There are 2 protein chains.
Amino acid sequence: MATIKDVAKLANVSVGSVSKYINGHKVKDTTAELIQNAIDALNYEPNIYAQGLKTNRTFSVVLIIPTVWDPFYSELTYYIEKYLEEYDTKLIICNTKNDLDKELKFITMARQNKVDGIIAITYSNVDEHVPDELPVISIDRSFSKHSTFITSDNYKGGEIAAQKLQDAGSSELFYFGQGSKIENETINRLKGFQDYCEQYSLNYKVYYQKGRRHSTADYLSEFADDLQEMDQSIGVFTDTDTHAWMLIDELSNRGLKVPEDIQIIGFDGSKSSQQTPTFLSSIRQNVNAIAKESVQQLMLQIEEDHFVPKKIIIPVEFIQGKTTFPSNV
Amino acid sequence: MATIKDVAKLANVSVGSVSKYINGHKVKDTTAELIQNAIDALNYEPNIYAQGLKTNRTFSVVLIIPTVWDPFYSELTYYIEKYLEEYDTKLIICNTKNDLDKELKFITMARQNKVDGIIAITYSNVDEHVPDELPVISIDRSFSKHSTFITSDNYKGGEIAAQKLQDAGSSELFYFGQGSKIENETINRLKGFQDYCEQYSLNYKVYYQKGRRHSTADYLSEFADDLQEMDQSIGVFTDTDTHAWMLIDELSNRGLKVPEDIQIIGFDGSKSSQQTPTFLSSIRQNVNAIAKESVQQLMLQIEEDHFVPKKIIIPVEFIQGKTTFPSNV
DNA sequence: TTGTAGGCGTTATCAT
DNA sequence: ATGATAACGCCTACAA
């Protein structure tokens, strides 16, 4: 591997000049040409580690998520990498499965100068371990630190879901969801749903377990038991698409039809892949916008000296799939 | 940020000793203690860039895939990151959307010492740009270089698909798929399917377009037109799950029912997330095994001096979903 | 405009 | 077992 010295020697100039040329400073045209020729001849590439050692910029960012193996997170990852590329910055991914240890490991890595910043979706108490100097964007949950915080309009999403179920003719509304021990933004999906139901005096019931007293499957099965006994027109809003899919599967095993017997609206509205057709009616998060905003804000934070953290809320929208009837209003 | 010098000073030892201690070499117990105390006191973390500069090991690997926003690739990414962690190695991801330029950019990055190796799924001609010294694992497609090559048993998968459709009672079999310009392993899915049909004298027809003369949607619609006119018992094998989903959507828009009117088997069998229930009957690739093998082989290649490239084939299996009837044999 | 030299934080060699 | 010191490849004053 050729070094800057080799280039300098071949071009008959000093390393200083080569360095300047590489970094876009002014050099005489003729020397520039000399240098470029040498670079081409030697197939020279600057060693990023030596650069990083001097400059403390690594042009890489770590994304901390529960798991990339999930439509929402994989879409987010896709877009974040895409926008990061505009800054010539690489994306390192960290699947934590909500494992605090692993999160800390990556934060340590960041402290070792390995990355310029962090974008995190984490539902454990990682806040206190993040050093103040390190640029952080947190999605869906506010760090106690003064970091910028980006989230979808979960509350509004809950309202819309209730409204859409109502419009589609459901007379009995249900919320099904699960919360982690650490408070996070998704609880607002429930709040919006509840408030809307209260406001319009709708019949509704909430199945919400915080933590994991029962396994999701058990809790879901219990929920399905109750649904099965009802004969009104049922509409269910689940806190995530994944739970919606699980519910659909459970109901189908019991011979119940969606949307004929039960209408379902999920939350996320992300698709397994860019081309996957929409099946599930859902409240769609604007993943693209979240990713774009995250990257922009992170870059601001990295580049600006004095950065004022913000809270940014991204709108959501309802998408009509095949698990609810079209609105009849 | 404390450096190794600060630690040495505080512990009253030389930097050499600190370095040894950090790297697990032998030091006297008492000095070890001294050093550890200093490290704790200063909250010291080695600077990875300085380390990389010396050792030329970066403990990072880049994964080149078309897009992480896809069930198969996101599952693969998940497992690769998981196994890489056992080697304390980070994963950088590169979504190429099959863009040669972007692939090259990441390979350049690798040449800059930024990564220790590459795992790639790429359907463009990237081979010749990979320098010989760089460890590479290629999945699904053999590089011309002498790199290790890992793939599922696509041929067998094609055979199984035909057989399962036959067993499930289909009398007219179809293959639907799309190939990229560059030859790759997935063509064996078709071959296995064809050979099986020939061997057992089954009625079958192939819809396969190489390159992209028509858009996938158009080609699919054309295919659905033809299916719609038939009245025999139809079974379709698609080259990917994604195409299967698109077909199901297309058929549903035409009022055709799966599996009652048409049975469908996809290929990949990967799920959107770990908990997503299985709906599609499919030939499942053992993504976990592919990931594990890729990482192990890559690490061998990185660590061993003389490495002999291998071709590794991972078995596939049929999974029964709800888009085919249970076998009646 | 260009060249020189010191230093970034580590590791590794060589004495001690 | 430990300490001193020369690299690793690059950037950046400072000097010329």
Side-chain angles (χ1 to χ4, degrees), chain A residues 1-39 42-60 88 108-116 133, chain B residues 1-39 42-60 88 108-116 131 133 303:
Chain A
M1 198 79 239
T3 75
I4 199 171
K5 279 185 191 164
D6 301 325
V7 175
K9 198 179 299 173
L10 184 60
N12 248 315
V13 298
S14 74
V15 293
S17 299
V18 179
S19 175
K20 289 199 188 79
Y21 173 73
I22 290 171
N23 293 300
H25 299 178
K26 271 234 94 34
V27 293
K28 220 199 306 180
D29 282 1
T30 59
T31 51
E33 206 180 315
L34 250 33
I35 294 174
Q36 187 56 55
N37 288 342
I39 288 178
L42 296 171
N43 208 351
Y44 167 76
E45 292 288 348
N47 178 319
I48 304 254
Y49 277 74
Q51 278 181 172
L53 187 55
K54 285 298 287 186
T55 59
N56 264 328
R57 260 311 274 282
T58 67
F59 294 94
S60 61
D88 271 312
T108 297
M109 185 183 88
R111 297 187 39 237
Q112 292 174 143
N113 271 343
K114 243 198 128 54
V115 299
D116 297 339
E133 331 81 69
Chain B
M1 200 76 239
T3 76
I4 199 171
K5 279 184 191 164
D6 300 324
V7 175
K9 197 179 299 172
L10 183 59
N12 248 312
V13 298
S14 75
V15 292
S17 300
V18 179
S19 176
K20 287 200 189 79
Y21 173 73
I22 291 171
N23 293 299
H25 300 178
K26 270 236 94 30
V27 292
K28 219 197 308 180
D29 281 2
T30 59
T31 49
E33 206 182 314
L34 249 34
I35 294 174
Q36 187 55 57
N37 288 341
I39 288 178
L42 295 171
N43 209 350
Y44 166 75
E45 294 286 350
N47 179 318
I48 303 254
Y49 276 75
Q51 282 182 170
L53 184 56
K54 280 301 286 187
T55 61
N56 263 329
R57 260 310 273 284
T58 66
F59 294 93
S60 61
D88 271 313
T108 297
M109 184 181 88
R111 295 187 40 236
Q112 292 174 140
N113 271 343
K114 244 200 127 57
V115 299
D116 297 338
E133 333 80 72
E303 282 160 11

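Numbered from 1 within each chain, the chains take letters A, B, ... in sequence-line order. Keep in mind that the numbers below use all heavy atoms, side chains included, and drop hydrogens, waters and symmetry copies. Here the structure is a predicted model, which means the values were calculated and not measured.
Atoms CD1 (Ile48(A)) and P (dC8(C)) sit 21 Å apart, rounded to a whole Å. Nucleotide dG3(C) holds its P atom 16 Å from the NZ atom of Lys5(A), rounded to whole Å. As rounded to whole Å, 8 Å separates atom C1' of dG6(C) from atom NZ of Lys54(A). What separates OH of Tyr21(A) from P of dG3(C) is a distance of 15 Å, to the nearest Å. Atoms CG (Asn23(A)) and P (dA13(D)) sit 12 Å apart, rounded to a whole Å. Spacing between atom CD1 of Ile4(A) and atom P of dT12(D) amounts to 11 Å, rounded to whole angstrom units. Atom OH of Tyr49(B) is separated from atom P of dG9(D) by 17 Å (rounded to the nearest Å). Whole-Å rounding puts the Lys9(B) NZ to dG3(D) C1' distance at 16 Å.
Each of Val15(A) and Ser19(B) has a nearest nucleotide on DNA chain C; the 5'-most of these lies closest to Val15(A). Along DNA chain D, the nucleotide nearest Ala50(B) and the nucleotide nearest Ile22(A) are compared for position; the residue whose nucleotide lies closer to the 5' end is Ala50(B). The residue among Ala2(A) and Val13(B) whose nearest nucleotide of DNA chain D is located toward the 5' end is Val13(B).
In this structure, Thr31(B) reaches the dT2(D) phosphate: one of its side-chain N or O atoms is under 4.0 Å from OP1 or OP2. At the phosphate of dG3(D), OP1 or OP2 sits under 4.0 Å from a side-chain N or O atom of Ser14(B). For the OP1/OP2 pair of dC8(C) and a distance below 4.0 Å, the side-chain nitrogens and oxygens of Asn56(A) include no atom meeting the criterion. At dG9(C), none of the side-chain N or O atoms of Gln51(B) fall inside 4.0 Å of OP1 or OP2 (strictly under the cut-off). Distances shorter than 4.0 Å separate none of the side-chain N or O atoms of Ser17(B) from OP1 or OP2 on dT2(D).
Of the candidates dT2(C), dC10(D), dG9(D), the closest approach to any side-chain atom of Lys28(A) belongs to dT2(C). Nearest to the side chain of Leu53(A), among dT13(C), dC10(D), dC8(C), sits dC8(C).
Few gaps surround CD on Gln36(A); more than 12 heavy atoms of other groups in view lie less than 6.0 Å from it.
A donor-acceptor pair under 3.5 Å links the side-chain atoms of Asp6(B) to the main chain of Thr3(B), judged by distance alone. At distances below 3.5 Å, not a single donor-acceptor pair connects side-chain atoms of Asn23(A) with backbone N or O atoms of His25(A). Of the possible donor and acceptor atoms, none in the side chain of Ser19(A) sits under 3.5 Å from a partner among the backbone N and O of Val15(A).
Taking CD1 of Ile48(B) as the start and CG of Leu53(B) as the end, the distance is 13.0 Å to the nearest 0.5 Å.
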